[in-house]
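All values below were derived from every heavy atom in this structure, side-chain atoms included, with hydrogens, water molecules and symmetry-related copies excluded. When a ligand or atom number is given, it counts from 1 through the structure's own listing order.
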Amino acid sequence: MTEEQIIRNYEIAREQYAEAGVDTDAALQKLQNIALSLHCWQTDDVTGFENLGGSLTGGIQATGNYPGKARNIDEVRADIEEVNTLIPGHHRLSLHAIYGDFGGQKVDRDEIEPRHFQSWIDWAKANEMKLDFNSTSFSHPKSGDLSLANRDKAIRDFWVEHTIRSRRIADEMGRQLGSKACHNLWVHDGAKDLTVDRYYYRELLKESLDRIFEHRFENVKDAVECKLFGVGLESFTAGSHEFYMCYAMQKGIMATLDMGHFHPTEETYDKISALLLFSPEILLHVSRPVRWDSDHVVILNDSVQMLAQEIVWAGALERVNIGLDYFDASINRIGAYVIGARATQKAFLQALLSPIERLRRYEAEGKGFERLALLEETKAMPWQAVYDYFCLKNNVPAGESYIKEVERYEREVTLKR
Ligand code: RNT
Ligand code: ZN
């Protein structure tokens, strides 16, 4: 598609939307302000720089063996820089604690410090990105099935220390970059088989969390992520939805909603308005569960579209932190970022382009058929032309033309690894 074609298509789309009472320029302005938090861990299948040969534990799994995964900090950065050239807008990067710049030293999780992330902060500044952070309780000899909820106080202490240090690192990132960093806490703690001590483990988890959150950090937005189950931990998860929802509300911190962390027919979008009435902000992990929490690459499906609609229609764009969370090791990893980030943006754009006033009027008037018909017709409006124009304005390839660029980078960079 030539530039002229993109502009021409946009002009036609703009007119069509205007007829439907929708201002496409205003929608694009809003989309420009939506920063996604790109998860660093799609670059290397959640390996990190601590334990290169080590396997992923904690009930999560990256499947596939596509060539070219990032093997060190320079490769992760190069890949994210490439990704940035293919996604319109300005975005954030979410790091896990295992991605520190440890300079070849063994730095255990209870020893990490802001200085291990200083080169990331400098890199982020140079690349006009903001950072978010995650403590890492998986892939470590002390992880086992239980970390913060372990019966052994020494193990709990270790992970409490790690998590407080992680929050301190997030604080430093937020301070230096002038934008509060989300710190997400997810632990896998659970049991493979039936447990007779659910109350006890949850009590231990709560007690550990109380220690972790005893002090607030000015530049951190804290979040806790629930989960239904993990692989090998199918019968019990200490940090369930109810547990963390109550905990987040009690402490005045954010709940993280990962789209793969609920029952298969339980949709995340319906939780947005419920939580936002009680909590100023939430954190999302946009993902695609296929039959289980499989962390497939995000695509433009009903779940993501309805999630975006709920946020936009609730007027809550400023109150929702949008993180991506998936790790598919079976396809080109750079391409995986581009597909997932663009799909998420497209979902938000569609929501921003919906004729919500008319839809609401129909609803208020009890016109169910008209509401459903307009929702259906809206799906076929020329939003793709608006998205292409958004890409053009942001100087990134429009339409499918990013495929060629991902292939070029693969040929010249990742296949040489
Ligand atoms: C695991 C959680 C968690 C992780 C990342 C790596 O089920 O979704 O968010 O995916 O922290
Ligand atoms: Zn997640």
query = Identify the closest protein heavy atom to atom 7 (O) of ligand 1: which residue and atom is it, and at what distance?
reply =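 Here the closest protein heavy atom is K227 NZ, 2.7 Å.
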inquiry  = Can you report which non-hydrogen protein atom sits closest to atom 10 (O) of ligand 1, along with the distance?
reply    =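 Atom 10 (O) of ligand 1 sits closest to the protein heavy atom D325 OD2, 2.8 Å.
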So, do [X] and [Y] have ring centers that fall under 6.0 Å from each other?
X    : Y    : answer
Y337 : H39  : yes
F158 : H140 : yes
F138 : H96  : yes

ask   = So W292 and F229, would you call those rings parallel, tilted or perpendicular, with 30° and 60° as cut-offs?
value =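 The arrangement is tilted - the two ring planes meet at 30° to 60°.
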inquiry  = Can you tell me which N/O/S atom of D258 has the shortest distance to the Zn ion (ligand 2)?
reply    =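 Looking at D258, the N, O or S atom with the least distance to the Zn ion (ligand 2) is OD2.
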ask   = What N, O or S atom of H285 is found closest to the Zn ion (ligand 2)?
value =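 Result for H285 and the Zn ion (ligand 2): ND1.
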ask   = Would you find a donor on one side and an acceptor on the other, under 3.5 Å apart, between the side chain of H116 and the backbone of F102?
value =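 Checked: no pair found.
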Test item: N321 side-chain N/O and I282 main-chain N/O as donor-acceptor pair under 3.5 Å =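 Looks like yes, one N/O pair under 3.5 Å.
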request  = Using the Zn ion (ligand 2) as the apex, give the angle to atoms OD2 (D325) and OE2 (E225), rounded to 10 degrees.
outcome  =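 It is 170°, given to the nearest 10°.
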request  = Apply the test salt bridge (charged side-chain N to carboxylate O under 4.0 Å, His left out) to residues D79 and R333: give CA-CA distance (whole Å), side-chain angles for both, the deciding distance (0.1 Å), then the verdict.
outcome  = CA-CA 9 Å; D79 289 357; R333 294 172 184 80; over 6 Å; no
Atom indices of ligand 1 within 4.0 angstrom of [X] heavy atoms, with elements:
X    : value
H261 : 1 (C), 2 (C), 7 (O), 8 (O)
D293 : 7 (O)
I60  : 1 (C), 7 (O)

ask   = What do you reckon, does Y326 put a non-hydrogen atom under 4.0 Å from ligand 1?
value =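 No, that is not the case, since the closest heavy atom of the residue is not under 4.0 Å from the ligand.
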key: Cation over ring face, K393 and Y10, 6.0 Å, 45°   =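 No.
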request  = For ligand 1, note which part of H188 has a heavy atom under 4.0 Å away: side chain, backbone, both or neither.
outcome  =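 Looking at H188 and ligand 1, no heavy atom falls under 4.0 Å.
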ask   = Heavy atom under 4.0 Å from ligand 1: found in T256's side chain, backbone, both, or neither?
value =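 Within the 4.0 Å criterion, T256 makes no contact with ligand 1.
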request  = Return a yes/no value for H285: is any of its N or O atoms, backbone included, closer than 3.5 angstrom to an N or O of ligand 1?
outcome  =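 Between H285 and ligand 1 (N or O atoms, distance only) the closest approach is under 3.5 Å.
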ask   = Between D258 and ligand 1, is there a nitrogen or oxygen pair with a distance under 3.5 Å?
value =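 Yes, D258 has an N/O under 3.5 Å of an N/O on ligand 1.
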query = Nearest non-hydrogen atom to atom 5 (C) of ligand 1 belongs to which of Q61, E225, H96?
reply =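 Closest candidate by heavy-atom distance is H96.
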inquiry  = Can you confirm whether more than 12 heavy atoms, excluding those of N33, are under 6.0 Å from its CG atom?
reply    =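 More than 12 heavy atoms, drawn from other residues, nucleotides or ligands, come within 6.0 Å of this atom.
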